[in-house]
Amino acid sequence: MAKDERMEKVVNLLERRGFIFASGQIYGSLAGFFDYGNYGTLLKRKIEQNWWNFFVGKRNDVAGIDGAIVSSQAIWNASGHLAEFSDPLIECKKCHTRFRADSLIEDELKISLEGASLDNINKLILENKLICQNCKGVLEIAKPFNLMFKTYVGASEDESATAYLRPETAQMIFTNFKQVQMSSRKKLPFGIAQIGKAFRNEISPRNFVFRCREFSQMEMEFFMHPEKLDDCQINEDELGLEINVLTAKMQENKEKESKTTFAILLNGKSIGTKWHAYWIIKAYEWFLGLGIRKENLRLRQHVKTELSHYSFETWDLEYNYPWGWKELSGIANRGDYDLKAHMISSKKDLTYFDDETKIKVLPMVIEPSFGLERAFLTVIIDAFEEKMEGDEKKTILHLNPNTAPNECAVFPLMKKDGMAQKAIEIFEMLRKNTACEYDEAGSIGKRYARQDEIGTPYCLTIDYDTLKDETITIRDRDSTKQKRIKIGDCQSTLTALLNGAEF
Ligand code: GAP
């Protein structure tokens with residue numbers, strides 16, 4: 001299947017089955033805004049919950065927060081976002097259509113522009129005589145366009161009332177660092193994490209929810225003593241994990257990615273510090289746990305010109321999307337950039353008192369940052385399969401139980417003769433512990449197909465034999481194999497299967 005065709009089919013499935021769709025469609029939607037439907041909401045919540053358990057709930061060294069979305073101009077001045085958080089914008093002199101300049105070049109020249117400076121972008125446009133994609137008019141010079149959404153707080157609309165919707169959740173963690181550290185009594189090294197909305201006025205939102213204007217981030221700022229950046233335990237299994245890697249040096253030398261281990265990356269000093277490697281490994285493991293296939297992931301280091309204004313070293317986990325390798329998640333070394341900037345700007349002491357040395361230090365930070373919509377879309381793209389069964393086209397989402405909206409579905413073969421009653425009884429029993437759906441509409445084949453499309457791993461069918469011998473049929477989505485089990489064993493069998501037992 002062609003890559004574009006695959007993406008079209010994924011989007012079609014997501015809209016048709018009500019996972020996620022353009023927001024407010026009855027009035028014509030604003031580009032870059034989406035609403036989640038029933039199955040999408042269930043899947044999104046699972047990803048959020050899974051992230052929270054993995055990065056916060058199961059650890060003793062991470063505290064959680066939930067910060068405000070709107071914040072004062074002072075925060076974004078200090079963080080550097082007002083001055084630096086921009087993309088290159090280019091406008092047509094004739095029809096005045098505006099484009100993201102690097103995307104326009106990538107579309108026209110079929111090259112990747114990661115890390116290109118504004119000067120390089122303008123040079124490429126001139127040298128290649130690129131013109132407006134809308135009217136073929138001549139293009140202006142590309143300029144930086146700030147991506148933050150501006151608003152006003154209160155009844156006035158003057159400068160002093162100006163505020164911004166946060167373009168990253170991270171700044172609420174930095175500005176609350178001292179408060180959270182003291183109230184949670186955490187000692188270095190420790191993290192502060194949050195899941196919440198972020199907003200970016202993207203010049204060209206594209207590829208469905210890959211780049212939208214309103215999205216959720218799952219972020220952690222991990223604070224470390226500046227002299228203990230390598231004071232971290234990584235177990236041998238994790239150091240030996242294999243991953244496709246493209247370092248900044250390999251990109252300079254125009255090499256292709258190659259498979260290596262984290263031990264090699266650390267020993268060769270490709271990754272600057274042990275804590276940075278640790279959080280890259282955790283991010284990688286988390287995505288593998290969502291069921292994303294190893295071969296579709298790679299680790300790419302940002303080249304110097306591409307680093308965000310706050311970053312000293314960034315590694316992206318990239319996915320091989322139908323439109324090429326692109327960032328799924330970023331793990332940045334933000335050093336003391338943010339705490340220092342807020343300390344200078346707010347004139348508040350954001351240092352940490354080290355009990356051992358009795359010296360105040362400004363912690364250094366590693367930031368694993370994840371986009372919820374990107375994780376959501378990537379899980380679906382990776383799980384999507386379309387195949388022919390006889391002359392029928394079948395769509396299957398091979399979601400694992402960590403992401404599947406329904407873990408099982410319960411059907412009566414027919415509604416009559418007490419089968420529906422029995423099925424509802426079993427459904428009510430299972431739903432106490434398992435994400436479960438009851439369905440009695442349409443033929444049994446159609447019901448299986450519906451659940452395959454939304455990624456339900458197991459279906460249970462109640463038939464005439466059930467009424468005689470208290471057994472039901474359980475069907476495995478991926479192999480389509482079926483077997484009979486006792487109603488009394490139903491929950492324990494399901495639990496075992498959802499935890500990885502063989503069918
Ligand atoms: N605090 C660091 C930060 O915000 P980023 O690389 O700009 O870094 C982090 O964003 C993650 O947020 C990305 O890896 C991506 O998953 C997600 N993200 C960024 N912009 C997005 C957009 N316009 N739409 C959807 N997700 C986005």
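We count ligands from 1, going down the list as the structure has it; atoms in each ligand are counted the same way. Values reported hereafter were calculated over all heavy atoms of this structure, with side chains retained and with hydrogens, waters and symmetry mates removed.
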What residue and atom, counting heavy atoms only, is the protein's closest point to [atom], and at what distance?
atom                    : value
atom 2 (C) of ligand 1  : E367 OE1, 3.0 Å
atom 24 (N) of ligand 1 : C212 N, 2.9 Å
atom 25 (C) of ligand 1 : F210 O, 3.2 Å
atom 20 (N) of ligand 1 : R200 NH1, 3.2 Å
atom 14 (O) of ligand 1 : E327 OE2, 2.5 Å
atom 27 (C) of ligand 1 : F215 CE1, 3.4 Å
atom 17 (C) of ligand 1 : G371 CA, 3.6 Å
atom 12 (O) of ligand 1 : Q217 NE2, 3.3 Å

N/O to N/O below 3.5 Å, does that happen between [X] and ligand 1?
X    : answer
E202 : yes
E373 : no
F370 : no

Checklist entry - Is K46 salt-bridged to E407, going by a charged N under 4.0 Å from an acidic O? => result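 Yes, this pair counts.
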Checklist entry - Would you call R206 and E106 a salt bridge, taking side-chain N to carboxylate O under 4.0 Å as the test? => result no
Please check if the distance between the ring centroids of [X] and [Y] is under 6.0 Å.
X    : Y    : answer
Y352 : F223 : no
F222 : Y278 : no
F287 : Y319 : no

Out of all atoms in ligand 1, which are within 4.0 Å of some heavy atom of [X]? Include the element for each.
X    : answer
R334 : 1 (N), 2 (C)
Y310 : 2 (C), 3 (C), 8 (O)
E168 : 1 (N), 2 (C), 3 (C), 4 (O)
G330 : 14 (O)
E219 : 1 (N), 2 (C), 3 (C), 4 (O)

Neighbour count >12 (heavy atoms, 6.0 Å) for atom [atom1], [X]:
X    : atom1 : answer
R16  : CZ    : yes
N499 : CG    : yes
E385 : CD    : yes

Item to check | Option with minimal heavy-atom separation from atom 11 (C) of ligand 1, where the choices are A375, S329, S369 | outcome: S369
Next on the checklist: Heavy atoms only, cut-off 4.0 Å: how does T169 contact ligand 1, side chain, backbone, both, or neither?
Outcome noted: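 The answer is neither.
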Checklist entry - Are D349 and K360 close enough, and set up right, to give a salt bridge (charged side-chain N to carboxylate O under 4.0 Å, His left out), and what steps lead you there? => result CA-CA 10 Å; D349 181 11; K360 280 181 170 183; 2.9 Å; yes
Whether [X] lies under 4.0 Å from ligand 1, heavy atom:
X    : value
T314 : no
M218 : no
F376 : no

Checklist entry - Do L299 and T260 have side-chain heavy atoms sitting under 4.5 Å apart? => result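 Result no, sub-4.5 Å side-chain heavy-atom pair not found.
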Next on the checklist: So if I apply the ring pair (Phe, Tyr, Trp, His ring centres under 6.0 Å) rule between F370 and each of Y284, F215, W286, which one comes out positive?
Outcome noted: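 Running ring pair (Phe, Tyr, Trp, His ring centres under 6.0 Å) over Y284, F215, W286 with F370 returns exactly one hit, W286.
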Next on the checklist: Evaluate D35 against S23 for side-chain hydrogen bond (donor to acceptor under 3.5 Å, both in side chains), listing each step before the verdict.
Outcome noted: CA-CA 5 Å; D35 294 334; S23 178; 3.0 Å; yes
Next on the checklist: For Q133 and E108, which I'm curious about, is there any donor-acceptor pair between the side chains at under 3.5 Å?
Outcome noted: yes
